[in-house]
4 protein chains.
Amino acid sequence: MSTAGAPVMRGRIDKRQAIVDAAFTVFAREGYAKAGMDVIAAEAGVAKATVYGHFGDKETLLRGAVVASADRALADNLAAVERLTGGGDDLRETLETVGLRLLQCHCDDRSWAVRRLISAEINQFPDLLDIHARTADRIAEALADRLSRLAVAGRLHTPDPLLAAEQFLALLAGSMDRRARLGTRRVPAAELRAVAGAAVETFLRAFGPRE
Amino acid sequence: MSTAGAPVMRGRIDKRQAIVDAAFTVFAREGYAKAGMDVIAAEAGVAKATVYGHFGDKETLLRGAVVASADRALADNLAAVERLTGGGDDLRETLETVGLRLLQCHCDDRSWAVRRLISAEINQFPDLLDIHARTADRIAEALADRLSRLAVAGRLHTPDPLLAAEQFLALLAGSMDRRARLGTRRVPAAELRAVAGAAVETFLRAFGPRE
Amino acid sequence: MSTAGAPVMRGRIDKRQAIVDAAFTVFAREGYAKAGMDVIAAEAGVAKATVYGHFGDKETLLRGAVVASADRALADNLAAVERLTGGGDDLRETLETVGLRLLQCHCDDRSWAVRRLISAEINQFPDLLDIHARTADRIAEALADRLSRLAVAGRLHTPDPLLAAEQFLALLAGSMDRRARLGTRRVPAAELRAVAGAAVETFLRAFGPRE
Amino acid sequence: MSTAGAPVMRGRIDKRQAIVDAAFTVFAREGYAKAGMDVIAAEAGVAKATVYGHFGDKETLLRGAVVASADRALADNLAAVERLTGGGDDLRETLETVGLRLLQCHCDDRSWAVRRLISAEINQFPDLLDIHARTADRIAEALADRLSRLAVAGRLHTPDPLLAAEQFLALLAGSMDRRARLGTRRVPAAELRAVAGAAVETFLRAFGPRE
DNA sequence: GATGAATGAGAGTTCATTCAT
DNA sequence: TATGAATGAACTCTCATTCAT
């Protein structure tokens, strides 16, 4: 569970990270309410009181775990979106690639877990959704930016790039709740590709260049 | 302990119903783990042990509440889908009406609540998802049936009606998580109409009759 | 620990009483803060949650124990004061008897314990003192009443019976903190008699009939 | 962390003193069990481990605080008693002055606090009482000494000066528990004077020169 | 000597569940 | 069937104390 050559644990910063990771794991597995601070501490390899030393209480720990997860998710998704350059020769193929990447981000275990967590605790901790929503917004905006460029280049026809982005994402992710059973089933790569393909097909029929 | 003028409580069946309702309310408000059997019993106006008399334990009570809710949701959604007859003069208008109804079902408080509950407890009680998935599947199939008829009638072009149905639903509901903040914000009717309109627009561009 | 022929515990009322008794015992032995609800429950022969069923929290339990103790103390002290009738032949002897009884009340284990408890928690729970003070006031007033009668009968000379009562009590109890080591040492009966005698001697010199 | 202009903290001895003072303050405010070493350390402006460097554990720290307080109290009380010289013209006035001083000592905030602390922890730390009792004894003895001189000079009549001293102290302090609400109420100077006056009155009637 | 971080033991309190009436 | 009382297990959080720096 430790990083490298150090004997067991290289410093306080590592401990904090271990705690966040453990918290996320346990919250994801058991849910916020059922997750025990004992269990989280054990998973992190520290004493229970150490957890309280870093994060003041369970609620703060949850927030810490969610924020960390949102940060990682944002980076992954933006990386995917950035592959959508207008320069590619084949628009369909590019869209399919990007769509597949986005789908893979969406279907990452941790992604499912945060969404489930936030969904579960929305009444108790509405601010968790703010964190998440900000992330999702930035992804949609980034995607809209790229679609705008394509529109300007005459390769797409859409008066409202943000709407187009939203619908693209909806076509991609819309059926995943069912297919992945909310993240408890691993969706085969082939199925992901098919979904991405169908999404792109419909998207291009609606917004693509008229032949 | 009962209200005076009323026939005092018309039998055990009413009490059972009161318990299921109370359970749903409390589970929805607090989440499964945090919901207390005391609170549910109080909300239902019965003693805690009475709850245990009807449902053996908390888990069973949750299942009961979810099943009841799924039944109601199924009925509502099917009623909406059935309005999608091929006979309508204006296909776009019909689709918009149906889409709006489906959106309204999707945005019902109870609908959000079940989805959040199932999402939250998917690891502990995977079978809850089965109940829900069966419901969702039947809705999608029913919608696919209607789209098939429209395709047969030459008013839509789609080789795969089930896929079209799925994508229509995705276009409708795809952005609602964000817009409704997972059910904690009431989405104005006008916004719902706009979303339905945009979904239908894209859907028709992709599958509609080529002019 | 149960009262009579009943198998183990004759009802809920007995359990409540057992809890109050146990609470007093443990609070007296360990102090409020150090006393564990586990220990109290065990001493009472019930489960910890049962204690919480009767008294909502530790604080309320403390109050319950103190009130019960104050009630008993009041009864005992008033019984002692009531023996101070004017009809006795020998005033000195009567005063000595009553003084001794009051001293015995003062030196009862439970009396020391409440005083220590209240003293210890006066900052956290100032209202405990109110309970106790009311009790002490009633005792002093009752004593003042009796001294008044003696004054009216010409057997004592004091313009302020309440002051006389207070001073009589002060002369009796004034040195007991030291002698009884705040209740941790049992003061021999002979010593108590001596103290009572000395108190009466001084009291009579100050307020007694001038020969 | 230290105040700017001052010589930064003149050495370890000052820190030790700061810790004892802080400990007394916190123990007095919260009680021994509830007082936290964190809080004491913070109040003293040092790190928690520093407290452990000076005093090995919480118990020792308590003893240190109590001893310091007892020393100060002893000095104050002896200073008061020493004012009781036989040379004064007016015995009553002298006694009233001394009595008032003793009452003031008794009603000092710190005095109440130690008494409450010792009373609270008598079961856990009986030796605290020894410290305190020794102090009280020395005060009583000193007072008895002065009363002896007055008796020898024929200005008082008592065969047992120590008893007279005890009773004088009892008449003074006997009602203060109630009046000062165990130290949580500040008793007005006038009331103190009145109590001292009444005590001296009774004392002189019992032990004073027969006219 | 002084500190920040870490910890094991234990605190009060809650809760799903059972039982006697 | 319906209930009030009882319970054991578990929970979050605290604290006196130690250790590496």
Side-chain angles (χ1 to χ4, degrees), chain A residues 9 11-13 15-16 19 33-41 44-61, chain B residues 1-2 9 11-12 15-16 19 32-41 44-61, chain C residues 9 11-13 15-16 19 33-41 44-61, chain D residues 1 9 11-13 15-16 19 32-41 44-61:
Chain A
M9 181 67 64
R12 286 134 268 281
I13 222 63
K15 242 163 203 177
R16 187 180 177 97
I19 293 171
K34 204 174 180 244
M37 295 296 267
D38 305 37
V39 178
I40 292 173
V46 302
K48 206 185 347 180
T50 304
V51 178
Y52 281 91
H54 282 273
F55 303 83
D57 56 7
K58 201 185 180 183
E59 194 178 322
T60 305
L61 182 52
Chain B
M1 189 83 34
S2 71
M9 180 59 75
R12 300 119 221 105
K15 247 173 196 174
R16 187 179 176 96
I19 293 171
Y32 174 72
K34 206 176 178 241
M37 295 296 266
D38 304 40
V39 178
I40 293 173
V46 302
K48 202 172 13 168
T50 305
V51 178
Y52 280 90
H54 283 274
F55 303 82
D57 57 7
K58 201 183 180 185
E59 192 179 324
T60 306
L61 184 53
Chain C
M9 181 66 65
R12 285 133 270 280
I13 222 64
K15 240 162 204 177
R16 188 182 175 94
I19 293 171
K34 203 171 181 247
M37 294 296 267
D38 306 36
V39 179
I40 292 173
V46 303
K48 202 176 2 172
T50 304
V51 178
Y52 281 91
H54 283 272
F55 304 83
D57 56 7
K58 200 185 182 185
E59 192 178 323
T60 306
L61 182 54
Chain D
M1 189 82 35
M9 180 60 74
R12 299 120 221 103
I13 218 64
K15 246 171 198 175
R16 187 179 176 98
I19 292 172
Y32 173 72
K34 206 176 177 239
M37 295 295 267
D38 304 40
V39 179
I40 294 173
V46 303
K48 200 171 16 167
T50 305
V51 178
Y52 280 90
H54 283 274
F55 303 82
D57 56 8
K58 202 184 178 184
E59 193 178 323
T60 306
L61 184 53

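Letters A, B, ... are given to chains in the order of the sequence lines, protein chains preceding strands, and every chain is numbered from 1.
K58(C) places a side-chain N or O within donor-acceptor distance of the main-chain N or O of A33(C), the cut-off being under 3.5 Å.
In this structure, R16(D) CZ and H54(D) NE2 are separated by 7.0 Å, a value rounded to the nearest 0.5 Å. Distance check: F55(C) CZ to L61(C) CG gives 5.5 Å after rounding to the nearest 0.5 Å.
Spacing between atom CD1 of I40(A) and atom P of dT12(F) amounts to 8 Å, rounded to whole angstrom units. The distance from atom NZ of K34(A) to atom C1' of dT12(F) is 16 Å, rounded to the nearest whole Å. Going from atom CE of M37(C) over to atom P of dC13(F) covers 20 Å, rounded to whole Å. Atom C1' of nucleotide dA20(F) and atom NZ of K15(A) are separated by 11 Å, given to the nearest angstrom. One can place CG of L61(B) at 16 Å from P of dC15(E), the figure rounded to the nearest angstrom.
When each of V46(D) and G56(B) is assigned the nucleotide of DNA chain E bearing its nearest heavy atom, the one mapping closer to the 5' terminus is V46(D).
Base pairing in DNA chain E yields stems of at least 3 consecutive Watson-Crick or G-U pairs, both distances under 3.5 Å, namely E:2-21 with F:2-21.
Contact annotation for D38(A): base contact, defined as any heavy-atom pair under 4.0 Å involving a base atom. Among the atoms of the strands shown, none is found under 4.0 Å from any heavy atom of A41(B).
Partners of K34(B) by side chain to side chain contact (heavy atoms under 4.5 Å, CB included), not counting sequence neighbours, listed by chain and number: Q124(A), E30(B).
Within a heavy-atom distance below 4.0 Å of DNA chain E, the residues of residues 47-54 of chain A found are A47(A), K48(A), A49(A), T50(A), H54(A).
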